[in-house]
2 protein chains.
Amino acid sequence: MNLKELATKLGLSPTTVSRALNGYPEVNEATRERVVAAAKRHNYHPNTRAIRLATGRAMAVGHVIPIATRHEIVNPVFADFIAGAGECYSRNDYDMVLSVVPDEDEDATYRSLKSKGNVDGVIVHAPRMNDPRIPLLRDIGLPFVVHGRATGTAEPYCWLDVNNRRAFQRATEFLLDLGHTRIGLVNGLEFMDFAIRRRTGYVDALTARGIVPDPSCMASGEMTEIAGFRAAQAMLALPRPPTAILASSMISGMGVRRAIETAGLVLGRDVSVIIHDDDLSYMKNGEDVPIFTATRSSVREAGRLAAEMLLDVIAHPEAGPQQRLLEAELIIGQSTGPAPRT
Amino acid sequence: MNLKELATKLGLSPTTVSRALNGYPEVNEATRERVVAAAKRHNYHPNTRAIRLATGRAMAVGHVIPIATRHEIVNPVFADFIAGAGECYSRNDYDMVLSVVPDEDEDATYRSLKSKGNVDGVIVHAPRMNDPRIPLLRDIGLPFVVHGRATGTAEPYCWLDVNNRRAFQRATEFLLDLGHTRIGLVNGLEFMDFAIRRRTGYVDALTARGIVPDPSCMASGEMTEIAGFRAAQAMLALPRPPTAILASSMISGMGVRRAIETAGLVLGRDVSVIIHDDDLSYMKNGEDVPIFTATRSSVREAGRLAAEMLLDVIAHPEAGPQQRLLEAELIIGQSTGPAPRT
DNA sequence: TTGAAAGCGTTACCAT
DNA sequence: ATGGTAACGCTTTCAA
């Protein structure tokens with residue numbers, strides 16, 4: 001059943017039927033009701049492909065995932081973000097198209113998405129310092145919102161970010177308050193913008209208490225279990241090992257936990273741990289499981305907001321760049337452990 | 001730059017240009033070269049929306065993720081599958097559209113995807129026994145491939161599955177060979193088809209050695225850390241606790257590891273563990289990290305194959321249902337641990 | 001308040 | 001081997 005057939009059945013023109021269904025004000029209410037009823041009765045659904053051609057809009061947004069960032073798509077946080085964004089798209093009749101591409105093809109993917117008209121805009125994931133994608137997208141005129149920020153970018157652009165600096169500052173302060181003075185940082189790759197900010201927060205908190213950050217207690221690497229494991233293992237083998245560790249992701253946090261185990265130490269007794277981007281809801285939100293602590297960043301909410309921003313930008317390209325900073329929700333369980341044993 | 005403009009520039013008709021670009025045989029080779037060169041020179045890219053309307057094909061495939069299966073999208077295995085499928089789509093100029101929907105809307109989503117013509121087919125994730133989605137998709141005539149199987153479904157349908165039964169049978173046999181006789185199973189929800197098969201494999205292996213499966217050593221629950229933690233904790237508190245545990249997913253496996261820790265036991269010494277759907281590549285593939293063991297199911301490859309099957313089904317709907325069973329790759333590290341201490 | 005008709009940018013059929 | 005033209009199923013002027 002298409003528009004023409006439905007119109008014929010109703011003895012109306014396609015124009016009127018289209019207007020009635022799309023809520024145009026100039027159509028008689030009685031007519032509208034008749035049309036809506038008939039549409040429902042005949043199970044009429046407008047063909048998306050025709051709408052897209054006629055309106056010149058794709059009614060779709062893209063999420064490009066470079067394959068090299070494999071730990072990114074594998075990161076549960078990424079999934080939460082996608083789920084949040086997806087909610088927004090469904091509500092607005094937009095499709096979410098996911099492109100998984102080798103990273104050397106990422107540029108080409110954006111260009112093609114734009115020139116073939118597959119999407120109206122994109123969300124940029126995992127920004128780095130001076131991220132080349134931002135000028136590229138501006139150049140080719142594809143609307144975008146960045147999840148995170150790209151330090152070094154000259155022109156203003158749309159972004160939505162969690163306050164990573166503040167989150168790590170607070171987590172560090174929390175550990176300092178417990179009496180820890182040797183605190184390790186197991187960070188992500190520090191060409192990633194979020195990782196730089198996290199380190200800054202950590203360093204700031206230490207410095208504010210007169211503690212000089214010790215490079216041997218600061219690691220940066222991929223957010224994989226093995227990287228977390230090795231980083232923590234190295235720290236624990238130091239002459240003066242840390243009594244607490246701050247881990248940057250759920251996955252590398254597993255490695256940290258594992259390293260503590262392997263060293264014959266007990267988490268929450270010998271070593272306290274805070275894992276960022278981990279999510280108590282995986283452990284049943286609200287229950288304070290005695291060995292687990294997290295900074296929950298409400299990434300799903302971030303996904304929803306980023307999607308809303310993007311649809312907004314697409315609808316009103318003339319408005320200036322929107323920018324939002326979310327405060328991470330810090331959740332501390334008893335698991336963080338007590339003061340360090342001396 | 002669109003087809004008409006390009007044609008005008010070349011002094012040809014749009015028809016010929018289209019044919020030249022799409023590799024039709026009836027066009028003069030010299031002409032084709034001229035056209036291809038001009039297309040490249042003018043950076044011409046055919047408009048996908050127009051192609052879609054003209055051909056009546058969506059050039060897109062849907063993946064519907066019910067929100068209730070949140071641990072599904074969060075499951076790293078799901079991400080790997082998606083990545084594999086995405087590779088195939090890119091190669092074939094198909095879009096992958098991801099719909100994240102409340103599970104009570106799942107039916108409506110499939111219907112809408114079909115009637116609005118957004119996709120040419122879908123991949124069905126996480127099938128259950130007598131899964132209602134399969135008759136539904138058949139009814140509405142939307143081509144599909146199931147990742148997994150749905151026991152109880154009468155009519156034949158397309159599926160691709162990992163041999164879960166065999167994988168768990170082999171893993172159990174491996175532990176039995178090491179001398180374990182008390183082996184725990186921390187399984188997924190057993191209305192999920194894969195979980196039923198995994199239990200069957202486990203039970204079969206035990207039975208074949210004359211061991212009667214002990215219900216108190218068999219748990220079934222969500223594949224979350226807390227569920228795995230509780231299940232393992234309960235088993236370890238038994239008068240005769242298991243000396244080895246088989247876990248059904250990376251995430252619940254974390255909970256199992258945690259429970260072992262909490263009980264003051266040492267993994268690989270007091271309790272051996274095999275985690276299915278875990279992937280040594282997260283720990284750097286090829287290195288035998290001493291505390292980690294996995295059955296690797298090559299899910300990415302499965303995603304690729306499933307996508308290929310679907311495109312095949314879309315192109316040749318008349319061909320009968322294809323069905324493929326993949327053998328899971330079993331990887332055992334030294335981490336599995338030695339024979340049980342008596 | 002309604003309708004006719006011209007797009008939107010391709011493909012595909014029928015001529016030539 | 002090439003071209004004219006009618007689809008594809010909508011939206012959107014412009015007229016009435």
Side-chain angles (χ1 to χ4, degrees), chain A residues 1-36 38-39 42-60 93-95 112-120 315, chain B residues 1-36 38-39 42-60 93-95 112-120 315:
Chain A
M1 168 72 50
N2 63 22
L3 187 63
K4 206 157 112 188
E5 291 166 3
L6 183 62
T8 309
K9 238 180 247 295
L10 282 162
L12 289 169
S13 75
T15 313
T16 304
V17 176
S18 169
R19 280 197 276 238
L21 259 18
N22 289 306
Y24 281 64
E26 66 259 33
V27 51
N28 187 311
E29 264 318 310
T31 309
R32 188 194 306 281
E33 277 167 31
R34 214 159 59 87
V35 171
V36 169
H42 294 97
N43 195 31
Y44 167 72
H45 293 268
N47 183 303
T48 305
R49 299 191 293 265
I51 294 177
R52 286 173 170 162
L53 181 57
T55 59
R57 296 179 308 168
M59 300 300 288
D93 262 311
Y94 268 74
D95 277 351
S112 147
L113 246 26
K114 166 69 178 184
S115 56
K116 308 207 294 185
N118 288 34
V119 303
D120 296 318
Chain B
M1 170 71 52
N2 63 23
L3 187 64
K4 207 156 110 187
E5 291 164 4
L6 183 62
T8 308
K9 240 179 246 292
L10 282 162
L12 288 169
S13 76
T15 313
T16 303
V17 175
S18 170
R19 279 196 277 239
L21 259 19
N22 289 304
Y24 281 65
E26 66 258 35
V27 49
N28 186 314
E29 266 317 310
T31 310
R32 189 195 306 282
E33 277 166 31
R34 212 159 60 86
V35 170
V36 169
H42 294 97
N43 195 30
Y44 165 73
H45 292 268
N47 183 303
T48 305
R49 299 191 293 265
I51 294 178
R52 285 172 170 163
L53 181 58
T55 59
R57 296 179 308 168
M59 300 301 288
D93 262 310
Y94 268 73
D95 277 351
S112 147
L113 245 27
K114 167 69 179 180
S115 57
K116 307 206 294 185
N118 288 35
V119 302
D120 295 318

Checklist line | Value in whole Å for how far the P atom of dG3(C) lies from NZ of K4(A) | finding: 15 Å
Checklist line | Comparing P46(A) and P25(B) on DNA chain D - which has the more 5′ nearest nucleotide | finding: P25(B)
Check: Starting at CD of E5(A) and ending at C1' of dC8(D), how long is that distance when rounded to a whole Å?
Finding: 13 Å
Next item on the list: Nearest whole angstrom, please: distance from the P of dA12(C) to the CG of L3(B).
Entry: 13 Å
Check: Between E29(B) and T55(B), which is nearer to the 5' end of DNA chain D once each is assigned its nearest nucleotide?
Finding: E29(B)
Note to self: So, does S18(B) get its side chain near the phosphate of dT11(C), meaning an N or O under 4.0 Å from OP1 or OP2?
What the structure shows: yes
Item checked: Minimum side-chain heavy-atom gap V35(B)-T16(B) below 4.5 Å -> no
Note to self: Does dG9(D) have OP1 or OP2 under 4.0 Å away from a side-chain N or O of Y44(A)?
What the structure shows: no
Note to self: Between D95(B) and K116(A) (salt bridge meaning N to carboxylate O under 4.0 Å), is one present in this structure?
What the structure shows: no
Next item on the list: Using only side-chain N and O atoms of T16(B), determine if any of them is under 4.0 Å from OP1 or OP2 of dT2(D).
Entry: no
Notebook entry, point to check: Do other residues, nucleotides or ligands put more than 12 heavy atoms under 6.0 Å from the CZ atom of R32(A)?
Noted result: yes
Check: Do T8(B) and E5(B) come close enough that some side-chain heavy atom pair is under 4.5 Å?
Finding: no
Note to self: If I take atom CZ in residue R57(A) and atom C1' in nucleotide dG9(C), what distance separates them, rounded to the nearest angstrom?
What the structure shows: 18 Å
Next item on the list: Kindly indicate whether the side chain of R52(B) and the base of dG9(D) share any N or O donor-acceptor pair separated by less than 3.5 Å?
Entry: no
Next item on the list: Quick one: label G11(B) by what it contacts on the DNA or RNA (base, sugar-phosphate, nothing), any heavy atom closer than 4.0 Å.
Entry: sugar-phosphate
Next item on the list: Using only heavy-atom distances, decide whether a donor-acceptor pair under 3.5 angstrom links the side-chain of T31(B) to the base of dA1(D).
Entry: no
Next item on the list: Indicate, with a heavy-atom threshold strictly under 4.0 Å, whether R49(B) touches base, sugar-phosphate, or nothing.
Entry: nothing
Item checked: Interatomic distance, D93(A) CG vs dT11(D) P [rounded to whole Å] -> 12 Å
Margin query: I need the CE-P distance between M1(A) and dC10(D), as an integer number of Å.
Written below: 11 Å
Next item on the list: Using a cut-off of strictly less than 4.0 Å, decide whether N22(B) has a side-chain nitrogen or oxygen near OP1 or OP2 of dT11(C).
Entry: yes
Check: Among dT2(D), dT10(C), dC10(D), which nucleotide sits nearest the side chain of R19(B)?
Finding: dT2(D)
Notebook entry, point to check: Can you check the R34(B) CZ to dA1(D) P distance for me, whole Å?
Noted result: 15 Å
Note to self: Of the options dC8(D), dG3(C), dT11(D), whose atoms approach the side-chain atoms of A54(B) most closely?
What the structure shows: dC8(D)
Next item on the list: Could you work out which one of dT10(C), dG3(C), dT2(D) sits closest to the side chain of V27(B)?
Entry: dT2(D)
Item checked: Gap between atoms CE and P, on M59(A) and dT11(D) respectively (whole Å) -> 11 Å
Next item on the list: Compare the minimum distances between each of dA1(D), dT10(C), dA12(C) and the side chain of N28(B), then state the nucleotide with the smallest one.
Entry: dA1(D)
Next item on the list: Quick one: label L53(A) by what it contacts on the DNA or RNA (base, sugar-phosphate, nothing), any heavy atom closer than 4.0 Å.
Entry: base
Check: Between Y24(B) and dA1(D), does any side-chain N or O lie under 4.0 Å from OP1 or OP2?
Finding: no
Check: side chain to side chain contact (heavy atoms under 4.5 Å, CB included) with R49(B): which of N47(B), I51(B), L53(B)?
Finding: N47(B)
Next item on the list: Map A50(B) and P14(A) onto DNA chain C by nearest heavy atom, then report which one ends up closer to the 5' terminus.
Entry: P14(A)
Margin query: Between R19(B) and Y24(B) (side chain of the first, backbone of the second, donor and acceptor by atom type, cut-off under 3.5 Å), is there such a pair?
Written below: no
